[in-house]
Amino acid sequence: MSARSAVTTTFRSLRIRNYRLFAAGQLVSNTGTWMQRIAQDWLVLALTHSGIALGVVSALQFLPILLFSVWGGALADRYRKRVMLMITQSSMGLLSAALAVLTLSGAVTVWQIYAFALALGMVTALDTPARQSFVVEMVGPDQLQNAVSLNSANFNLARIVGPAVAGVMIGLFRSEVTGSGWVFLINAVSYAAVVSSLVAIRARELRPAKPIERRRGQQIEGFRYLRTRPDLLAVLGTVLTFGTFGLNFPVLLPLFTTRVFHSGASAYGLLSAIMAVGSLTGALLAARRGTARIRLVLGGAIAFGVLEAISAAMPDFAAFALLLLLTGTAGLTVATTANAVMQTSVTPQLRGRVMGVYLLVFMGGTPIGSPLVGWMAGSLGVRWTLALCGVATALSAVTAAYALAWRTDRRIMASVTSRPHLAVVPRTA
């Protein structure tokens, strides 16, 4: 394949005007969001010097997802997703602006950060099912795998730029509190980009699913459907451990930076950006694939877990950063492929609720995992904690593969030689 055709294949969804506008707005907003995440974590660490406090603020931000994501998915199936996104994105911008005012005035406390994290999580629980299931309405099912992968690439490009800019901005000020406040303000302004892109989208070119009528029991219909799909249950079982323990970097990276490598905010931003480069690579590779396959979810989770465990033993900053690069590539392969598998395997009328369940499983474990990982880091050490989280992720993928084989009367076929892979295949294969 020539370089030109490879680029055309990788970015083919961007030929669709509505998706192109949406992606541009998301890039600006995601960059601001990542700047705020870095500043928020660093502000909490500066105020408390506690790994447990980092775990708590992360848990509070994800707790509403555990409680309300399925309800958010039902709302996404019931109402126009574009209108929902205008409301949720505007609300996030207002929350960031309020936190910026408190921080710049010097009045911010760790309890206020906790409250804002909880409020942001509540809005996110409504926003994410609608935003993820809105993609297929812009591009159609044939381009969904590509668009989901480009969304991940977009997110991780922002993840490269955002932490680096946030680290530099915080370092420019004498006070880490003041620097964090300006980062929060920039993030508040960035939401104008995504709201403007949603306003500019041509509604007549969308392919919306027919909204469902409100009735009792809608929230649990996604669970009922998934009970009949052992393949999707295997994906959910894998991403449960992957999201709860594998993706623990918001808690552990600041602790690695300060306690293991004895560095500051700039080094933390650099590590976050390096891992994001790996994630961006994984997303772009996924964008070239035509079909999302469960075997890639399972094999990618095993690779991610092994790489994460190995990175815990790296002796210096450079070696640790290199392993983070590879870990990010494997992790994004898992997340992107799992998302596409879930969306392409259900009817449009159930997509919002199924994505609500997916979000519940993928991100809802964070309120439990983050404080636990923070406690483990304080009790067992940062290196042992990272290694154990990696082992747990790899074992969950192996368990899911064998459970799927048993439920569907198939067998496991694996290879670690010329083309490493893990597959569940018919017994006659």
Side-chain angles (χ1 to χ4, degrees), residues 33-66 95-122 124 162-163 166-188 244-245 247-272 363 365-386 389:
T33 297
W34 271 107
M35 290 175 64
Q36 173 153 328
R37 287 188 182 185
I38 296 299
Q40 177 180 278
D41 289 345
W42 202 256
L43 180 59
V44 169
L45 197 59
L47 293 175
T48 66
H49 306 286
S50 169
I52 294 177
L54 279 174
V56 170
V57 73
S58 181
L60 287 172
Q61 192 160 319
F62 287 98
L63 177 62
I65 295 173
L66 180 64
L95 286 172
S96 296
L99 182 57
V101 171
L102 276 175
T103 307
L104 289 172
S105 67
V108 71
T109 66
V110 68
W111 296 107
Q112 291 169 341
I113 299 173
Y114 289 165
F116 276 97
L118 182 64
L120 183 62
M122 294 179 67
T124 302
V168 170
M169 283 198 63
I170 294 171
L172 287 176
F173 293 87
R174 282 186 174 183
S175 168
E176 292 174 327
V177 175
T178 302
S180 297
W182 282 107
V183 171
F184 298 153
L185 185 60
I186 291 172
N187 181 47
T244 303
F245 296 106
L247 297 180
N248 53 63
F249 299 103
V251 177
L252 291 183
L253 277 190
L255 298 177
F256 257 94
T257 303
T258 56
R259 297 183 184 180
V260 178
F261 301 122
H262 309 290
S263 299
S266 297
Y268 173 40
L270 179 60
L271 282 178
S272 298
M363 302 174 69
T366 303
I368 300 170
S370 291
L372 181 58
V373 168
W375 173 81
M376 289 171 61
S379 301
L380 303 176
V382 183
R383 290 188 183 274
W384 275 108
T385 301
L386 184 63
C389 289

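Scope of the values below: all heavy atoms of this structure, side chains included, with no hydrogens, waters or symmetry mates. Starting from 1, each residue takes its place in the sequence as its number.
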> Among N248, L372, V373, L255, which one satisfies side-chain contact (heavy atoms from CB on, under 4.5 Å) with T385?
Replying inline: V373
> Taking all non-hydrogen atoms of both residues, which atom of M35 and which atom of G162 are closest, and how far apart?
Replying inline: CG-O, 3.3 Å
> Say you draw a straight line from CD1 of I113 to CG of L47; how long is it, rounded to the nearest 0.5 Å?
Replying inline: 5.0 Å
> Has the side chain of Q112 got a donor or acceptor atom that lies under 3.5 Å from a matching backbone atom of T109?
Replying inline: yes
>> Would you say CE of M122 has more than 12 non-hydrogen atoms from neighbouring residues, nucleotides or ligands within 6.0 angstrom?
In response: no
> Less than 4.5 Å apart, any side-chain heavy atom of Q61 and any of T124?
Replying inline: no
> For the atom pair CD1 (I38) and CG (L271), what is the distance rounded to the nearest 0.5 Å?
Replying inline: 10.0 Å
> If you measure from SG on C389 to CZ on F249, what distance do you get to the nearest 0.5 Å?
Replying inline: 9.0 Å
> So, N187 side chain and T33 main chain: donor-acceptor pair closer than 3.5 Å or not?
Replying inline: yes
>> Closer than 3.5 angstrom, by distance alone: can the side chain of S180 be matched with the main-chain N or O of T178 as a donor-acceptor pair?
In response: no
>> If you define the side chain from C-beta out and look only at heavy atoms, does anything of T257 sit under 4.5 Å from F261?
In response: no
>> What verdict does the side-chain contact (heavy atoms from CB on, under 4.5 Å) test give for F184 and Q40, after you've listed the backbone C-alpha separation in whole Å, the side-chain angles of each residue and the deciding distance to 0.1 Å?
In response: CA-CA 8 Å; F184 298 153; Q40 177 180 278; 4.3 Å; yes
> Is the shortest heavy-atom distance from the side chain of I170 to the side chain of L43 under 4.5 Å?
Replying inline: no
>> What I'd like to find out is whether the side chain of R383 reaches to under 4.5 Å of the side chain of F256, using heavy atoms alone.
In response: yes
> About how many Å separate CH2 of W182 and OG1 of T103, when rounded to the nearest 0.5 Å?
Replying inline: 12.0 Å
>> So which atom in A188 and which in A97 form the shortest heavy-atom distance, rounded to 0.1 Å?
In response: CB-N, 3.5 Å
> Hey, what do you get for CG (L380) to CH2 (W375), rounding to the nearest 0.5 Å?
Replying inline: 6.0 Å
>> Go through it in stages, so that I can follow the logic: the residues are I186 and M169, the test is side-chain contact (heavy atoms from CB on, under 4.5 Å), and I'd like the CA-CA distance, side-chain angles, deciding distance and then a yes or no.
In response: CA-CA 11 Å; I186 291 172; M169 283 198 63; 3.5 Å; yes
> Are the side chain of S105 and the backbone N or O of L102 linked by a donor-acceptor pair below 3.5 Å?
Replying inline: yes
>> Just verifying a value: how many Å separate L252 CG and L247 CG, rounded to the nearest 0.5 Å?
In response: 11.0 Å
